[in-house]
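Right, one structure below, let's go through it.
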Amino acid sequence: MSNSKYQVFDNFLDDPDEVLEYANTCQYFTAEEYKKIDILESKGNWPGLRSNDLKLEFPDITTQLNNQFNIKIGWITFYQHLVSQNIPKVQMPHTDVRWDFSGVIYLKGSDGTWIDNEIVPFKYNRAVCFDANIPHHPLHSTTDRLVLTFFSKYA
């Protein structure tokens with residue numbers, strides 16, 4: 001990774017529509033529910049809903065992320081925030097202390113990510129990767145938000 005707070009690559013996925021279609025078939029879990037299905041990744045009390053880990057379903061995307069950002073993916077999930085869930089529009093910044101890097105690929109919505117007082121705007125099929133120990137949080141407004149979120153260690 002470069003010295004900047006984050007790296008951005010637009011038009012990241014070869015077929016983001018296919019990835020979105022797959023997202024519609026997934027089961028999603030709250031943080032509380034996730035603790036019952038994935039003991040390794042159940043740490044945290046995040047808002048919204050997550051899918052199961054998708055490394056096996058998306059080996060090509062995992063490899064692409066690893067190569068593009070020089071990281072080693074440990075956990076990759078769909079992460080959605082539905083307007084109907086009444087998630088607070090302003091969230092407390094947090095860090096992902098178990099990881100070296102965090103990131104998202106924007107798939108649905110209109111809101112980006114706040115990273116240490118900078119906003120990375122939402123753009124369909126944009127990948128953003130950043131140091132997991134920098135304060136960050138997703139942004140929310142009046143649209144449902146769906147991202148492919150990933151967490152990684154140094155390569």
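Applying the side-chain contact (heavy atoms from CB on, under 4.5 Å) test to Ile119 and every residue at least two apart in sequence or in another chain returns Trp114, Leu139. By the side chain to side chain donor-acceptor pair (under 3.5 Å) test, Asp100 pairs with no residue at all, sequence neighbours left out. Listed by chain and residue number, Tyr124 satisfy the side chain to side chain donor-acceptor pair (under 3.5 Å) test with Asp17 (two or more places apart in sequence, or in another chain). Applying the ring-ring contact (aromatic ring centres under 6.0 Å, His included) criterion to Phe9, with sequence neighbours excluded, gives Phe69. Partners of Tyr28 by ring-ring contact (aromatic ring centres under 6.0 Å, His included), not counting sequence neighbours: none found. Applying the side-chain contact (heavy atoms from CB on, under 4.5 Å) criterion to Thr63, with sequence neighbours excluded, gives Asn67. For Asn11, the side-chain contact (heavy atoms from CB on, under 4.5 Å) partners two or more places apart in sequence, or in a different chain, are Asn125. With sequence neighbours excluded, the residues that form a salt bridge (charged side-chain N to carboxylate O under 4.0 Å, His left out) with Glu32 are Lys35. The side-chain contact (heavy atoms from CB on, under 4.5 Å) search around Lys55 returns Asp53, Thr62, Ile73, Ile76, not counting sequence neighbours. Remark: His136 engages His94, Asp96 in a side chain to side chain donor-acceptor pair (under 3.5 Å) (not counting sequence neighbours).
Side-chain N/O atoms of Tyr106 and Thr113 include a donor and acceptor closer than 3.5 Å. Between the side chains of Asp111 and Ser141, at least one donor N or O sits under 3.5 Å from an acceptor N or O.
Atom CD1 of Ile61 is separated from atom CG of Asp14 by 8.5 Å, given to the nearest 0.5 angstrom. Atoms CG and OG, from Asp144 and Ser84 in turn, are 6.5 Å apart once rounded to the nearest 0.5 Å. Distance check: Gln80 CD to Arg50 CZ gives 11.5 Å after rounding to the nearest 0.5 Å. The CH2 atom of Trp75 sits 5.0 Å away from atom OG1 of Thr77, with the distance rounded to the nearest 0.5 Å. To the nearest 0.5 Å, atom CD1 of residue Ile134 and atom OG of residue Ser102 are 10.0 Å apart. Phe130 CZ to Thr95 OG1: the interatomic distance, rounded to the nearest 0.5 Å, is 10.5 Å.
Here the closest heavy-atom approach between residue Thr143 and residue Ser110 is recorded as OG1-OG, 2.9 Å. Scanning both residues, His81 and Gly48, for their nearest heavy atoms gives CD2-CA, 4.0 Å.
Pairs engaging residues 113-126 under the salt bridge (Lys or Arg N to Asp or Glu O under 4.0 Å) rule: Lys5-Asp116, Lys5-Glu118, Asp10-Lys123, Asp10-Arg126 [sequence neighbours left out].
At distances below 3.5 Å, not a single donor-acceptor pair connects side-chain atoms of Glu18 with backbone N or O atoms of Asp15. A donor-acceptor pair is defined here as one N or O able to donate and one able to accept, closer than 3.5 Å; no such pair exists between the side chain of Tyr79 and the backbone of Ser51.
Classified by interplanar angle (parallel below 30°, tilted 30° to 60°, perpendicular above 60°), the ring pair Phe78/Tyr22 is tilted.
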Exercise. Where do Phe122 and Arg145 land on the side-chain contact (heavy atoms from CB on, under 4.5 Å) test, with the steps shown first?
Worked result: CA-CA 10 Å; Phe122 177 94; Arg145 183 180 199 264; 5.7 Å; no
For this session: Could you walk me through whether Asn52 and Glu57 pass side-chain contact (heavy atoms from CB on, under 4.5 Å), step by step?
Result: CA-CA 10 Å; Asn52 284 314; Glu57 287 78 3; over 6 Å; no
Just distance, no hydrogens or angles: give the donor-acceptor pairs under 3.5 Å from side chains in residues 147-155, sequence neighbours left out.
unit_1: Thr149; atom_1: OG1; unit_2: Gly103; atom_2: O; d: 3.2
unit_1: Lys153; atom_1: NZ; unit_2: Arg98; atom_2: O; d: 2.7

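Residues Val19 and Ile105 have side chains not in contact (no heavy-atom distance under 4.5 Å, counting atoms from C-beta outward).
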